[in-house]
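Take a look at the structure set out below.
From a predicted model like this one, the values you see are computed outputs, not experimental measurements. In this chain, numbering begins with 1 at the start of the sequence shown. Both ligands and their constituent atoms are indexed starting at 1 by order of listing.
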Amino acid sequence: MKNISNKKATDKLIFALDVKNYEEALSWVELLSGHVGMFKVGKELFTAAGPKIIQSIKERSEKVFLDLKFHDIPVTVAGAAEAAVRLNVDMFNVHATGGYQMIKEAVSAAWSCSDKMGQTRPLLLAVTVLTSLNNDDLKEIGFQKSTEELILHLAGLAKAAGASGVVASAQDIKMLRENFGKQFVILTPGIRSDAMAKKDDQKRTLSAYEAVKKGADYIVVGRPIRMAIKPLEACRQIVREIADGLAAK
Ligand code: C5P
């Protein structure tokens, strides 16, 4: 069995700060600093608290994933990507359905801005198909391809446009790894322990152990930590599962 360091496992865990305001977010950051690899700031928190929450997380030497899933005309998304780099986020994302040109311009704007500022380039991920959509929903929107075909198509488009990787459900990890190789970053939400499965709205779930074993580079976890009676203990348990998953790969 491989010996996996606690840091290596911790770095893979991203905690979703799905809370309503700055104060609540900061109290989670204070509790979990050093116990997770990154904090995810999504649409709810960013709309409520703005860049201030990102600055506060970065001041504590913690990493930030800005999950705003940009989708607009290329010049607008390029501007947003540059603004994300100015906030010194470590990871951010766009919708792959914005198209090749949009992703390419976002990548180019982000890389040149971070190079100019002397910062490490952030990871730029593309969302292929939201895990809340199934084949019927895709047909309703007007897509002809099945979910699987569309995920592969959009991931290929994102890779060709220079994206670092994709956000993908646990069940797509294997297919994406086989098609796009080891360097393509895969981030997986919808993580549940067997005990928690089927108790909320996440449908295509997998344990942290299985997701990492299948090849996820990062996992995003929200409620399994936030709703736990002892959040820090739940967090440590997930890090142990990640370490076991890495060792079993
Ligand atoms: O609470 P839970 O662990 O389900 O949180 C998962 C996080 O990942 C949420 O912030 C959610 O918005 C995000 N996410 C997801 N499915 C996607 C993309 C993002 O659950 N396809």
Side-chain angles (χ1 to χ4, degrees), residues 12-21 24-25 28-29 31-32 35-49 53-54 57 63-71 89 91-98 123-135 137-138 141 147-148 150-152 154-155 158 163-173 175-176 185-212 214 216-229 231 234-235 237-239 241-242:
K12 294 192 170 290
L13 177 58
I14 302 179
F15 177 66
L17 280 168
D18 292 330
V19 296
K20 296 210 175 313
N21 57 50
E24 209 184 326
W28 281 108
V29 173
L31 178 73
L32 297 177
H35 299 278
V36 299
M38 223 180 279
F39 290 93
K40 179 170 94 73
V41 176
K43 287 186 168 115
E44 181 184 6
L45 180 60
F46 192 77
T47 305
I53 186 62
I54 294 175
I57 299 170
K63 292 187 170 174
V64 174
F65 168 23
L66 184 62
D67 178 21
L68 297 180
K69 301 183 183 74
F70 298 136
H71 187 176
V89 302
M91 184 188 276
F92 70 98
N93 55 6
V94 301
H95 268 292
T97 44
L123 291 175
L124 195 163
L125 304 184
V127 177
T128 55
V129 177
L130 291 172
T131 43
S132 52
L133 301 175
N134 60 22
N135 283 334
D137 298 315
L138 291 181
I141 299 169
T147 312
E148 204 168 277
L150 192 57
I151 289 169
L152 271 183
L154 290 170
S164 322
V166 287
V167 179
S169 84
Q171 71 187 44
D172 306 321
I173 299 172
M175 165 180 93
L176 290 165
V185 174
I186 301 177
L187 175 146
T188 304
I191 300 298
R192 295 293 180 269
S193 66
D194 292 341
M196 268 197 86
K198 300 192 183 78
K199 283 193 185 150
D200 57 39
D201 64 343
Q202 290 283 17
K203 295 191 183 97
R204 294 185 271 162
T205 67
L206 214 62
S207 68
Y209 171 82
E210 285 295 340
V212 169
K214 274 180 189 276
D217 294 296
Y218 296 95
I219 59 166
V220 174
V221 181
R223 284 166 289 181
I225 293 175
R226 237 174 33 248
M227 311 294 261
I229 297 167
C235 180
Q237 173 59 28
I238 292 169
V239 172
E241 275 190 43
I242 295 173

| Just heavy atoms, cut-off under 4.0 Å: does Glu44 contact ligand 1 by side chain, backbone, both, or neither? | neither
| query | Quick one: which ligand 1 atoms are inside 4.0 Å of a heavy atom on Pro224? | reply | 3 (O)
| Quick one: which ligand 1 atoms are inside 4.0 Å of a heavy atom on Asp18? | 9 (C), 10 (O)
| query | What atoms of ligand 1 come closer than 4.0 angstrom to any heavy atom of Val220? | reply | 7 (C), 8 (O)
| Can you list the ligand 1 atoms lying under 4.0 Å from a non-hydrogen atom of Ala16? | 10 (O)
| field | Arg226 N/O to ligand 1 N/O under 3.5 Å | value | no
| remark: ligand 1 atoms nearer than 4.0 angstrom to some heavy atom of Arg223 are 1 (O), 2 (P), 3 (O), 4 (O)
| query | Is Asn93 reaching over with its side chain to a backbone N or O of Phe70, donor-acceptor style, under 3.5 angstrom? | reply | no
| field | Shortest non-hydrogen separation from Ala25 to Leu17 and the atoms involved | value | O-CD2, 3.7 Å
| Aromatic rings Phe39 and Phe15: how do their planes relate, parallel, tilted or perpendicular, breaks at 30° and 60°? | perpendicular
| remark: Quick note on ligand 1: atoms under 4.0 Å from a heavy atom of Arg192 include exactly 1 (O), 2 (P), 3 (O), 4 (O)
| task | Output the list of atoms in ligand 1 that are nearer than 4.0 Å to some heavy atom of Thr131, sorted by atom number. | result | 16 (N), 17 (C), 21 (N)
